[in-house]
K.L.:
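Dumping the structure here so I can ask a few things about it.
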Amino acid sequence: MSQSHKSHRGELVLQERRNTPKELIDAIPGYIRRDMPVQHADFFADLPYLPLATLDRDGRPWVSLLVTASSTDPNVGINVRGGNVTDIIAETTPNDPFARALGHRPASAGEKRFFAGVGVDFNNRRRNKIAGTIEAANVDEKGKVELRLRSDQHLGNCPKYITVRALEYMKRAGELVHDSFDTATSILPADAKAVVGRASTVFLATKHVAGDTTLGAQTDMGVNHRGGAPGFTRVYEENDGDQITTYLVLPDHSGNRFYQSLGNIETDPQVGLMFPDFTTGDVLYITGEAKNLTGQDAEALMPRVELLTRIKVTGAVFVKHGLNLRLTSEEQLSPYNPPVKYLRHELDQMGQTAVDVGTTATLISTKTLSDSITTFNFQLSSPTDLPLPGGFGIFDFSRILDLGYNHMYEANPQLVNEDYVRTWTLSSASDFDAQYSLFRASDQVSVTVKRKKSGLISNLLHDNADTLIAQNLPVTFKGTGAGFSCFSHSDESAQPHLPAQMLWIAGGAGITPFMAMWDGILKMAKAHPSKVKTDIVLMFAGRDDDVNVLAEFAAQQSELAPNVTLRIHAFQSSQNASSVPQLTQKNTPAVPVKQRRMEFGDIQSVSDLMAREIFLCGPDALMNWSETSLTDLGIAQTRIHRESFVF
């Protein structure tokens with residue numbers, strides 16, 4: 001097999017910027033074959049659908065998902081003829097911009113009509129890329145497409161980030177809802193943005209026009225699959241008063257480090273995207289202008305992301321029921337998908353804004369609270385203004401843990417995109433200054449961490465705390481943030497305000513912000529015993545010996561100021577019949593433990609419930625149930641405060 005591909009300037013720039021090893025850079029052309037391998041030919045011939053892209057008369061890429069198997073038309077299919085020639089008869093909607101672009105002449109007279117595609121088998125995550133030129137094309141009035149392709153680039157790809165799903169043919173009647181194929185507009189309708197928000201699968205089309213042939217690079221296109229957890233593509237709008245501009249943001253997940261798609265964007269910003277909704281059959285086609293952001297520029301837009309692509313939408317077509325495929329199975333997301341990353345302004349709206357502090361934190365001591373929950377105390381390299389009790393801290397362990405690049409890692413797929421950064425609620429409060437009525441800057445912070453079975457950092461701390469303390473190993477303390485606290489400031493000069501009556505509902509490690517709030521209340525009450533007045537009911541649900549964390553609250557009952565009251569109700573469920581928590585054995589009057597789950601009646605029986613401000617933190621299931629129960633009891637949403645950690 002002969003090789004034809006040469007990396008162009010954009011690819012080389014990005015490879016260097018992202019530290020692709022020279023030996024891999026030199027080897028990349030050898031992976032891309034001019035002649036179609038037999039395995040690829042067999043693969044494409046059996047595909048019932050094929051993502052394919054081409055350019056319109058303005059040189060804009062449009063990518064589609066063509067249906068290449070039909071229960072009503074036996075002529076539909078892919079025929080690999082040999083000699084790198086492939087004939088395709090496929091179905092789409094007449095409104096498909098790919099089909100409409102086929103009716104355009106190329107931007108320049110005599111110019112070849114380029115195509116690119118990526119064959120994906122959603123049953124088994126196989127993926128192979130193909131590119132070349134279109135030798136013949138015809139589209140009828142019903143959207144039936146006939147193509148003859150001559151390919152000269154073939155590349156196998158890994159299965160990462162592909163959602164497994166079963167699809168079958170289903171003829172639909174497409175409805176054109178939004179069409180800016182022939183007009184430049186950036187606005188997307190709400191239904192179209194909702195498709196982006198649900199998508200775990202995106203197809204991205206790019207192009208490279210060879211202006212400088214000294215490197216031997218050729219003009220071509222590329223189509224790639226982009227996948228992630230639903231919502232991994234973020235959408236935002238800018239409004240300058242006269243017009244709305246819509247942007248899409250695609251974070252880059254760890255890949256093969258070829259940077260073909262992003263390299264193309266470095267030399268030509270025009271891209272096309274296609275978002276399929278396999279449940280509804282809705283399809284969103286987009287063309288736009290893309291820009292790669294790296295380092296601090298990426299971090300400024302999307303925290304904890306070092307490389308992303310921002311696309312300014314310049315045209316879009318949205319077709320409801322425009323895909324002749326139907327989902328017939330549950331979708332299985334890729335184990336390699338990292339958590340969804342949010343835009344900085346989204347975090348601001350959620351109250352998860354982080355303040356950079358740029359210091360280090362060194363583990364100095366620990367305190368075991370239960371078999372799986374431990375408090376870790378860190379010394380900061382300099383005093384730092386911390387958020388009101390209940391806020392969070394951001395720790396970066398990369399300086400002691402970074403394992404380097406892994407293309408695939410089946411033993412623990414999440415490590416492939418691991419950034420070694422963790423955000424934890426700070427579980428202690430700073431000292432309270434009686435003179436100035438504020439929480440002082442502190443050079444110590446504590447976090448209370450529950451061990452997770454597959455948690456890299458939680459296991460590091462639980463298993464190696466003594467070593468970290470002995471070796472005095474610092475980690476980066478990146479920043480802090482507020483958002484979930486019973487404290488508030490009504491006036492910058494006044495001491496923090498507390499609600500007169502509160503209900504705290506916590507589950508498992510969700511107790512940590514309440515540990516900090518309680519610590520803050522005690523410190524503030526000690527400074528001003530007559531000014532701090534609050535009545536708190538704490539309801540805690542835990543497994544096995546998790547209820548022992550409540551000893552932190554019960555032990556301080558004797559320290560209460562005269563106008564501060566705390567009543568604790570604990571609910572314990574056990575996965576291990578022999579696991580009897582120490583707190584249950586004591587069964588002290590201060591902390592009665594019920595051997596069951598929390599129930600509706602428990603919340604209903606809380607005294608003065610209608611007068612209380614309510615704070616929830618714990619597993620989603622507990623918070624959802626609690627919020628529903630409170631709503632059913634007539635509690636206004638404005639008085640329900642829920643922790644929503646997404647950072």
Side-chain angles (χ1 to χ4, degrees), residues 190-191 193-194 197-198 229-231 339-340 342 346-353 388-392 425 450 481-488 490 497-518 521 533-543 546-547 549-550 553 565-573 592-647:
D191 286 354
K193 288 185 286 188
R198 293 191 296 268
V340 171
Y342 292 86
E346 293 178 305
L347 294 171
D348 292 345
Q349 293 169 357
M350 298 174 191
Q352 301 294 330
T353 305
L388 289 172
F392 60 85
T425 299
K450 184 179 179 70
F484 184 73
S485 179
C486 63
F487 293 88
S488 62
S490 57
H497 170 74
L498 277 174
Q501 292 179 291
M502 291 183 278
L503 169 62
W504 295 350
I505 299 179
I511 194 67
T512 54
F514 299 113
M515 294 173 66
M517 293 180 201
W518 182 237
I521 290 171
K533 300 179 181 180
T534 188
D535 171 59
I536 304 166
V537 175
L538 168 60
M539 303 178 70
F540 176 79
R543 289 185 179 275
D546 283 356
V547 293
V549 300
L550 297 177
F553 297 84
T565 58
L566 173 67
R567 284 165 286 166
I568 304 174
H569 302 277
F571 303 86
Q572 183 257 356
S573 60
V593 179
K594 296 180 174 65
Q595 300 291 318
R596 59 173 175 82
R597 294 178 181 274
M598 192 184 303
E599 297 175 354
F600 180 83
D602 299 313
I603 297 178
Q604 188 178 31
S605 65
V606 173
S607 62
D608 300 321
L609 178 63
M610 302 302 292
R612 295 180 184 274
E613 292 293 315
I614 299 163
F615 296 83
L616 313 175
C617 187
D620 284 341
L622 174 65
M623 290 199 292
N624 291 337
W625 173 83
S626 300
E627 190 167 1
T628 299
S629 299
L630 291 163
T631 301
D632 291 345
L633 288 167
I635 305 298
Q637 283 293 320
T638 54
R639 291 187 29 239
I640 301 174
H641 312 277
R642 174 172 172 163
E643 174 65 291
S644 58
F645 251 158
V646 297
F647 189 51

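This structure is a prediction, so every number in the text was calculated from the model and none was measured.
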K.L.:
Who pairs with T628 by side chain to side chain donor-acceptor pair (under 3.5 Å), at least two apart in sequence or on another chain?
P.N.:
none
K.L.:
Return the minimal non-hydrogen interatomic distance between P513 and C617, and the atom names on each side.
P.N.:
CG-SG, 3.6 Å
K.L.:
Within this structure, what is the CD1-CG distance for the pair I511 and D546, rounded to the nearest 0.5 Å?
P.N.:
10.5 Å
K.L.:
Go through the structure and list residues passing ring-ring contact (aromatic ring centres under 6.0 Å, His included) with F571, not counting sequence neighbours.
P.N.:
none
K.L.:
Answer whether the closest heavy-atom distance between the side chains of L566 and I521 falls below 4.5 Å.
P.N.:
no
K.L.:
Which heavy atom of M598 sits nearest to which heavy atom of A541, and what is that distance?
P.N.:
CE-CB, 4.1 Å
K.L.:
Check P230 against V340 and note the closest heavy-atom contact, atom names and distance.
P.N.:
O-CG2, 3.6 Å
K.L.:
Would you check if I536 and W518 make a side-chain contact, meaning some heavy-atom pair closer than 4.5 Å?
P.N.:
yes
K.L.:
What is the distance from atom CG of L503 to atom CG of D608, rounded to the nearest 0.5 Å?
P.N.:
11.5 Å
K.L.:
Any non-hydrogen side-chain atom of Q604 less than 4.5 Å from a side-chain atom of L609?
P.N.:
no
K.L.:
Roughly how far apart are F487 CZ and H497 NE2, rounded to 0.5 Å?
P.N.:
11.0 Å
K.L.:
Quick one: does V549's side chain get under 4.5 Å of F540's, heavy atoms only?
P.N.:
yes
K.L.:
How about R597: does its CZ atom have over 12 heavy atoms from other parts shown lying under 6.0 Å from it?
P.N.:
no
K.L.:
Distance from I640 atom CD1 to E613 atom CD, nearest 0.5 Å?
P.N.:
10.0 Å
K.L.:
With rounding to the nearest 0.5 angstrom, report the CZ to OG distance, F600 to S605.
P.N.:
10.5 Å
K.L.:
Hey, could you give me the CE/SG distance between M502 and C486, rounded to the nearest 0.5 Å?
P.N.:
4.0 Å
K.L.:
What pairs with P619 under side chain to side chain contact (heavy atoms under 4.5 Å, CB included), at least two apart in sequence or on another chain?
P.N.:
L622
K.L.:
Return the set of residues passing side chain to side chain contact (heavy atoms under 4.5 Å, CB included) with K193 (not counting sequence neighbours), or none when no residue passes.
P.N.:
L188, V235, E237
K.L.:
Tell me whether the rings of H641 and F615 are parallel (<30°), tilted (30 to 60°) or perpendicular (>60°).
P.N.:
parallel
K.L.:
Do the non-hydrogen side-chain atoms of E643 and T512 ever get within less than 4.5 Å of each other?
P.N.:
no
K.L.:
Answer yes or no: is there a donor N or O on one side and an acceptor on the other, between the side chain of S573 and the main chain of R543, under 3.5 Å?
P.N.:
no
K.L.:
F514 versus F553: any side-chain heavy-atom pair under 4.5 Å?
P.N.:
yes
K.L.:
Minimum heavy-atom separation for S629 to I603, with atom names?
P.N.:
CB-CD1, 4.2 Å
K.L.:
Go through D602 and K594 one step at a time and tell me if the salt bridge (Lys or Arg N to Asp or Glu O under 4.0 Å) criterion holds.
P.N.:
CA-CA 11 Å; D602 299 313; K594 296 180 174 65; 5.4 Å; no
K.L.:
Please answer whether the main-chain N or O of M610 pairs with a side-chain N or O of R639 as donor and acceptor at a distance below 3.5 Å.
P.N.:
yes
K.L.:
Per the side chain to side chain donor-acceptor pair (under 3.5 Å) rule, what does the pair list look like for residues 533-542, sequence neighbours excluded?
P.N.:
D535-T565, D535-R567, D535-R612
K.L.:
Do L630 and L616 have side chains that approach each other closer than 4.5 Å (heavy atoms only, starting at C-beta)?
P.N.:
yes
K.L.:
Output every pair passing salt bridge (charged side-chain N to carboxylate O under 4.0 Å, His left out) with a member in residues 623-634, not counting sequence neighbours, ordered by first then second residue.
P.N.:
E627-R642
